[in-house]
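The basis for the numbers below is simple: all heavy atoms, side chains too, and nothing from hydrogens, waters or symmetry mates. Sequence lines set the chain letters: A, B, ... in the order given, protein chains first and strands last, and positions in each chain run from 1.
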Number of protein chains: 4
Amino acid sequence: MSLAFKPAGEGLRTRIFHIIFESHTPASKGFDIALIIAILISVVVILLDSVAAYHARYGELFSLVEWCITVLFTIELALRLYCLERPWLYLKSFYGVIDLLAVLPAWLVLLVPGAHSLVLIRLLRVLRIFRILRLMEFVGEGQLLLDALRRSTRQILLFFSSILVLVTLFAALMYLIESPETGFTSIPQSIYWAIVSMTTVGYGDIVPVTPLGKAITVVLMLTGYSIIAVPTGVFSAQVIRSLREERYSDEACPGCGYDRHEKRARYCLRCGTWLDEDSEDPRKQATSDDQ
Amino acid sequence: MSLAFKPAGEGLRTRIFHIIFESHTPASKGFDIALIIAILISVVVILLDSVAAYHARYGELFSLVEWCITVLFTIELALRLYCLERPWLYLKSFYGVIDLLAVLPAWLVLLVPGAHSLVLIRLLRVLRIFRILRLMEFVGEGQLLLDALRRSTRQILLFFSSILVLVTLFAALMYLIESPETGFTSIPQSIYWAIVSMTTVGYGDIVPVTPLGKAITVVLMLTGYSIIAVPTGVFSAQVIRSLREERYSDEACPGCGYDRHEKRARYCLRCGTWLDEDSEDPRKQATSDDQ
Amino acid sequence: MSLAFKPAGEGLRTRIFHIIFESHTPASKGFDIALIIAILISVVVILLDSVAAYHARYGELFSLVEWCITVLFTIELALRLYCLERPWLYLKSFYGVIDLLAVLPAWLVLLVPGAHSLVLIRLLRVLRIFRILRLMEFVGEGQLLLDALRRSTRQILLFFSSILVLVTLFAALMYLIESPETGFTSIPQSIYWAIVSMTTVGYGDIVPVTPLGKAITVVLMLTGYSIIAVPTGVFSAQVIRSLREERYSDEACPGCGYDRHEKRARYCLRCGTWLDEDSEDPRKQATSDDQ
Amino acid sequence: MSLAFKPAGEGLRTRIFHIIFESHTPASKGFDIALIIAILISVVVILLDSVAAYHARYGELFSLVEWCITVLFTIELALRLYCLERPWLYLKSFYGVIDLLAVLPAWLVLLVPGAHSLVLIRLLRVLRIFRILRLMEFVGEGQLLLDALRRSTRQILLFFSSILVLVTLFAALMYLIESPETGFTSIPQSIYWAIVSMTTVGYGDIVPVTPLGKAITVVLMLTGYSIIAVPTGVFSAQVIRSLREERYSDEACPGCGYDRHEKRARYCLRCGTWLDEDSEDPRKQATSDDQ
């Protein structure tokens with residue numbers, strides 16, 4: 001938590017800050033649970049409201065619930081801004097923008113009912129779930145995944161570029177072989193089919209009918225089936241590396257040079273030498289004290 | 001096996017206990033095989049009985065077989081309870097509940113024939129297979145898998161939360177783009193489609209028809225195709241870690257009691273004490289030689 | 001190659017043995033290539049012969065080709081038996097049985113034309129490809145894979161048992177929820193659907209139509225999508241272990257105790273001590289010679 | 001960059017060489033970006049031109065754009081050849097052939113309009129993207145992947161051979177069981193179906209209808225679902241090995257010339273010589289101290 005988000009004063013504002021922004025006390029944990037329930041209810045209501053039958057029967061109830069939760073979220077946002085010293089800085093941060101997105105479009109939609117196409121923006125409040133995950137200390141896990149992803153970015157980019165080039169050439173080939181009647185009406189359409197096939201989704205809305213087309217499809221499917229081993233292998237290797245680096249120190253033992261000690265090791269597991277060169281070995285002190 | 005499940009007396013009860021609850025003697029191995037055959041017959045009969053043609057022709061035979069096996073399972077459960085000192089404690093344990101579920105609903109169904117919807121509860125006896133697996137010493141393997149799963153729980157939870165958020169937003173987007181005639185009648189329906197697509201199942205009952213919808217589908221499919229590398233990588237790393245931990249010794253340090261040393265460690269990593277109690281510490285020998 | 005398969009005499013038989021059973025000389029390599037071409041031609045002919053249009057037009061040519069290759073394979077088998085000291089022992093070995101299967105049914109089919117259902121047995125000669133792979137020194141690779149598979153057998157068995165139990169319960173649930181009109185006519189049919197869905201194949205011949213059925217399908221698909229990480233993780237870990245064991249020795253350095261030397265190491269990479277305790281360090285010998 | 005591709009003279013040619021063939025200066029980076037944009041525009045135009053509606057409306061615009069980019073690519077190729085000392089050597093290299101393929105067919109197509117089937121060759125210019133990837137220093141990553149692929153080649157070949165043998169036998173079996181009316185009209189058709197099923201694509205254009213056929217399909221699908229663990233495991237292991245080999249130093253032993261030491265090695269594992277030429281061998285110091 002950077003200094004900019006420190007609570008502004010003592011008393012009420014500090015207490016609100018501890019409840020809303022942290023998650024160590026029972027009160028703040030209760031707040032988190034209430035928040036997650038509100039988010040889930042809100043999202044479920046938006047989803048159900050999109051079903052014509054439910055909208056017809058419960059439409060007004062849904063509006064009411066959404067209205068209530070929007071009011072609650074607005075109050076919550078107001079409290080967040082109230083208890084911070086620099087509220088504008090918060091509004092411009094990642095979570096501030098999400099909080100705003102969870103409130104503003106809802107007001108807009110409630111004022112302009114029937115704004116069908118705003119359903120996507122109203123749903124953006126589902127992103128608030130990440131705030132809860134953050135509070136629940138999932139940060140470390142996410143960090144490890146992001147670390148491994150960042151390390152494998154270039155291999156994965158290279159992998160996707162190769163796939164797209166491959167898919168384009170396969171699609172052009174199928175466009176030439178299969179007749180437009182069977183769905184291969186253009187190369188973009190063929191690319192859609194090639195990706196449906198290579199990712200092993202296989203809707204079956206477009207399928208090859210000529211023997212040659214089927215033979216090429218077989219090659220494409222076997223490629224897609226086995227090539228997934230590439231990003232999986234790269235990512236596995238990076239996760240293993242990240243986990244190992246968390247655990248082992250790079251420092252070598254000054255006694256025997258052994259260099260695969262766990263970070264928590266204080267004595268060499270091989271020759272018993274004191275590993276921390278900056279401080280004194282407690283055993284030596286003991287011996288000195290004896291004299 | 002905790003004390004609570006110890007055989008109550010000597011003689012018959014002890015012998016029954018050894019046959020039913022253990023799997024070291026020929027008698028108890030024969031019992032296990034008989035049990036596994038009975039479970040499989042019972043399950044196959046329930047499955048076949050659900051086929052209308054077979055039910056019409058062999059319905060009575062199936063009832064008879066199920067009735068016989070239920071009687072056998074009931075006798076077995078009675079024997080289990082008979083040979084234990086604290087039968088109630090067993091009934092409340094995990095395997096006790098499964099044993100009960102394998103017997104009670106069957107009786108109910110036999111008394112109230114035609115209870116169609118009880119077929120699921122009758123099938124719960126398939127869970128008894130895990131008891132057999134446990135006896136066959138699959139415990140270690142399961143333990144290793146569960147260990148690795150428990151360690152990756154948070155990453156996998158984070159992964160699924162992200163997937164569900166992503167799927168919800170994709171679904172809302174497709175609901176706006178595609179017309180209801182093509183199957184995207186509501187957001188929940190769109191979510192069903194999005195998960196069918198992202199998990200690469202691809203039934204083909206709902207498919208995009210507009211060019212924009214197909215473009216978004218391509219992104220969704222490529223995401224689903226490659227994102228599976230994430231849980232696979234995390235789980236692989238954890239299995240490797242679990243396997244490696246077999247490298248850890250159970251012996252505690254005689255100096256400070258620390259008990260998670262690698263098997264190759266000769267000195268305690270916390271206090272530098274010589275770990276091998278059967279031989280002399282080379283350092284001490286060196287000191288002795290000096291004198 | 002065990003002693004039982006040693007060539008019987010000198011001269012012609014020994015030369016035939018070297019050509020047929022080994023793959024080091026140009027002659028035997030040429031023989032291998034001829035064999036692989038014959039197998040492929042033979043299989044392709046059987047495949048094409050099953051296409052009605054090709055059978056009508058080229059049926060007789062196909063018969064001729066198959067007849068020729070069968071004669072060649074018979075001669076080859078006769079030569080194999082001729083040049084061995086204990087031909088019966090060979091016939092009872094794995095490759096002997098495959099050789100016999102590649103010849104006998106073909107004779108049967110040629111004698112009894114129209115034996116439609118023998119096509120599968122005639123195709124068994126495709127198994128002869130493994131003999132070629134063996135000669136081409138793929139043995140090591142296959143051994144490594146089999147090693148890793150054997151080590152993960154129990155985890156994979158446990159995994160499949162769990163999947164089958166899960167699939168049975170899901171199938172029974174869907175059988176209760178969905179009406180028979182939509183394809184869920186019996187529990188075995190439901191199991192077929194559940195496996196089609198969980199393995200992410202998704203034919204789309206049977207799909208859920210009720211909202212509840214779709215919700216359960218979503219859970220089943222997400223399970224199938226992510227659970228594949230389990231055997232992949234286990235197998236990856238075992239392959240890594242097998243590769244590592246091939247490379248590193250377990251012996252510790254007598255000088256400093258370091259124990260992760262590559263097998264080819266003769267001196268400790270850490271302290272330069274001679275590692276092979278059974279022989280003399282060449283450097284010491286040099287020094288001794290100097291004196 | 002080998003000597004053959006060195007710039008021919010000073011002045012203009014050298015400057016062009018630095019801009020076109022390298023990517024360190026702002027000018028050459030701008031050139032790379034312009035090139036990638038030109039490639040993408042060119043490919044997008046070819047794709048859109050294959051859509052009948054767009055071709056009818058914008059066909060002439062598309063021709064114009066493609067013509068312009070072809071002219072630009074031709075000028076670029078001319079400049080490349082101009083600034084090299086041995087242009088013919090470049091034209092025969094991998095990237096030279098791609099550059100030529102990006103230009104020649106386009107000229108052909110522009111001269112002979114309506115050459116529908118040349119669309120595939122015109123699309124080959126998408127391969128030029130790899131040149132850009134190479135400039136952007138993706139070489140290391142690709143090298144690592146290729147290294148790991150080359151090492152797993154034999155296992156992956158063995159894996160595919162086994163799959164194809166398996167698929168052939170499954171297909172023949174289904175051809176016998178299912179009737180031709182349901183799509184299993186020949187064994188090649190059955191093989192297409194078997195690969196669609198085993199790779200978990202599952203179009204649903206051909207599905208089993210008999211109970212026995214469904215049972216066999218279940219086995220095939222479970223095989224395909226789980227067998228993917230094999231190449232993934234092998235490839236993961238090889239990537240991990242490749243990453244680990246970054247641990248190896250390139251320095252050769254001054255004693256015996258051995259050059260595959262781990263970076264942490266201080267003594268040669270073959271002859272025990274002290275590897276660090278910048279410092280003194282501790283063993284020697286010890287001997288000196290003794291004197």
Side-chain angles (χ1 to χ4, degrees), chain C residues 43 46-48 50-52 116-117 119-120 123-124 126-127 129-130 133 138 141-142 144-145 148-149 156 159-160 163 188-189 191-192 195-196 198-205 224 228 231-232 234-240 243 261-262 264-274 281 283, chain D residues 154-155 157-159 161-162 164-165 168-169 172-173 175-176 180 185-191 196-197 200-204 207-209 211 214-215 217-218 221-222 224-226 228-230 232-234 236-238 240-241 261-262 264-274 281-283:
Chain C
V43 168
I46 297 176
L47 296 187
L48 292 182
S50 77
V51 181
H116 175 70
S117 63
V119 72
L120 184 61
L123 263 179
L124 284 180
V126 81
L127 289 171
I129 281 174
F130 286 115
L133 292 176
F138 274 96
E141 274 69 28
L144 194 144
L145 290 187
L149 268 181
I156 287 172
F159 173 74
F160 271 112
I163 276 193
Q189 185 83 343
I191 289 179
Y192 163 74
I195 291 178
V196 165
M198 216 184 69
T199 57
T200 77
V201 170
Y203 285 135
D205 53 347
I228 188 65
T232 307
V234 170
F235 190 73
S236 299
Q238 297 294 1
V239 175
I240 289 164
L243 277 176
H261 289 99
E262 301 183 26
R264 61 186 169 171
R266 301 194 302 168
Y267 293 92
C268 173
L269 60 79
R270 185 74 31 226
C271 69
T273 304
W274 177 247
D281 180 356
R283 285 179 310 185
Chain D
R154 316 193 105 206
Q155 278 114 325
L157 262 179
L158 187 62
F159 172 75
S161 308
S162 310
L164 288 180
V165 167
T168 307
L169 295 179
L173 195 61
Y175 169 65
L176 295 178
T185 51
S186 66
I187 299 185
Q189 185 83 343
S190 270
I191 289 179
V196 165
S197 301
T200 77
V201 170
Y203 285 135
V207 290
V209 291
K214 284 180 179 176
T217 306
V218 159
M221 290 186 299
L222 285 175
Y225 176 64
S226 51
I228 189 64
V230 173
T232 307
V234 170
S236 299
Q238 297 295 2
I240 288 164
R241 206 167 162 184
H261 289 98
E262 300 182 26
R264 61 181 169 175
R266 302 193 303 169
Y267 293 92
C268 173
L269 60 78
R270 255 172 84 209
C271 68
T273 304
W274 177 246
D281 179 356
R283 286 180 308 187

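With a threshold of 4.5 angstrom between heavy atoms, C:Q238 does not approach chain D through any atom at all. With a 4.5 Å cut-off on non-hydrogen atoms, C:I163 touches chain D through its side chain but not through its backbone. Residue contact with chain D, scored on non-hydrogen atoms closer than 4.5 Å, involves the backbone and the side chain of C:V196 alike.
In terms of non-hydrogen atom pairs under 4.5 Å with chain C, the most contact-rich of D:T168, D:V201, D:L173, D:L222 is D:L222. Looking only at heavy-atom pairs under 4.5 Å with chain D, the residue among C:L123, C:I191, C:L127 that has the most is C:L123. Between chain C and the residues D:G224, D:G202, D:S190, D:G204, the largest count of heavy-atom pairs under 4.5 Å involves D:G202. Taking C:D205, C:V234, C:V43 one by one and counting their heavy-atom pairs under 4.5 Å with chain D, the maximum is reached by C:D205. Per-residue counts of heavy-atom pairs under 4.5 Å with chain C were compared for D:P180, D:P208, D:P211, D:A215; the largest is that of D:P208.
Between the CG atom of D:L176 and the CG atom of C:L120 there is a distance of 6.0 Å, given to the nearest 0.5 Å. Distance check, rounded to the nearest 0.5 Å: OG1 of C:T200 to CE of D:M221 gives 10.0 Å. To the nearest 0.5 Å, atoms CZ (C:F159) and OG (D:S226) are separated by 7.5 Å.
Checked by atom type and distance alone, the side chain of D:T232 never pairs as donor or acceptor with a backbone atom of C:T232 at under 3.5 Å.
Taking every heavy atom of both residues into account, C:S50 and D:P188 meet most closely at OG-CD, 3.4 Å. Scanning all heavy atoms of the two residues, the minimum distance from C:I228 to D:Y225 falls at CD1-O, 2.9 Å. Across all non-hydrogen atoms, the minimal contact from D:V230 to C:F235 is CA-CE2, 3.4 Å.
Using a 4.5 Å heavy-atom threshold, the side chains of D:S197 and C:Y203 count as touching.
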